[in-house]
Amino acid sequence: ILNVEQSPQSLHVQEGDSTNFTCSFPSSNFYALHWYRWETAKSPEALFVMTLNGDEKKKGRISATLNTKEGYSYLYIKGSQPEDSATYLCAFRPGGYNKLIFGAGTRLAVHP
Amino acid sequence: DAGVIQSPRHEVTEMGQEVTLRCKPISGHDYLFWYRQTMMRGLELLIYFNNNVPIDDSGMPEDRFSAKMPNASFSTLKIQPSEPRDSAVYFCASSLHGGGAYNEQFFGPGTRLTVL
């Protein structure tokens, strides 16, 4: 069974705070790691797809890093805004399969 | 493109009834995925298709669930007979060229199913 763990489960921050959360995944048979942003009552939307150890991706105030040898990825949000409130999902894609195994997500609430 | 289209958006039915969920993937995408989202188990993959052929149905809970993809632009997920524990949001997603690592999945709006 392939386990993808995310922590924390939920997070409440004030507007302007920077925050980060973690995704842990199997370090063997790694192919790709996806991050999705999921707003309430909407569909998950892809943020990043990462494949190389040491990879860093950035989109505006959101960035992510990847360590495939130890099996973790961090997602960072700089200067959180209320519109960043969402559930952030990571998903592990093992080699040989075109399927994603999702973590349970980190639910972020940014308070004005 | 309109994105992935799912219907109905909401379905309320009684235990024992047949339920059919529908999905139209993004035109040109060759992979289609059915997911179920519950509070207890999060987002779970039920089944996925490549070029209309089911590739992995290991996530399908039991024989009451079946999925078909008769052509590249349409797929159904059927539950017969439905049970209250099937209540969940069912998402369909599609992606392009599954062999590449950068094949992000595009999700539909989901169907919220309630079985009474």
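Each chain gets a letter, A, B and so on, in the order its sequence line appears, and its residues count up from 1. Predicted, not measured: the structure shown is a model, and the values here were computed from it. Note: hydrogens, waters and symmetry copies are ignored here, and every other heavy atom, side chains too, is used.
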Segment of A:Tyr36 engaging chain B (4.5 angstrom heavy-atom cut-off): side chain
By a 4.5 Å heavy-atom criterion (distance strictly below it), what part of A:Leu89 contacts chain B: side chain, backbone, both, or neither? side chain
Does the side chain of B:Ser58 pick up a donor-acceptor pair with the side chain of B:Asp56 at under 3.5 Å? yes
Ion pair present between A:Lys58 and A:Glu56, side-chain N to carboxylate O less than 4.0 angstrom? no
Between A:Ala41, A:Ala91, A:Ala46, which shows the greatest number of heavy-atom pairs under 4.5 Å with chain B? A:Ala46
Where does [X] contact chain A at under 4.5 Å (heavy atoms): side chain, backbone, both or neither?
X	result
B:Phe106	neither
B:Leu43	both
B:Thr38	neither

The complete set of salt bridge (charged side-chain N to carboxylate O under 4.0 Å, His left out) pairs with one or both residues in residues 68-97 of chain B, sequence neighbours excluded, reads B:Glu18-B:Lys78, B:Glu62-B:Arg85, B:Arg64-B:Glu83, B:Arg64-B:Asp86, B:Glu83-B:Arg85
Side-chain donor-acceptor pairs under 3.5 Å in residues 101-112 of chain A, sequence neighbours left out?
from	atom 1	to	atom 2	distance (Å)
A:Thr106	OG1	A:Pro8	O	2.6
A:His111	NE2	A:His12	ND1	2.9

Please check: side-chain N/O of A:Arg93 versus main-chain N/O of A:Tyr31, any donor-acceptor pairing under 3.5 Å? no
Rounded to the nearest 0.5 Å, what separation is found between the CG atom of A:Leu66 and the CG atom of A:Leu75? 12.0 Å
Return the option, out of B:Gln37, B:Glu44, B:Arg112, B:Arg41, with the maximum number of heavy-atom pairs under 4.5 Å with chain A. B:Gln37
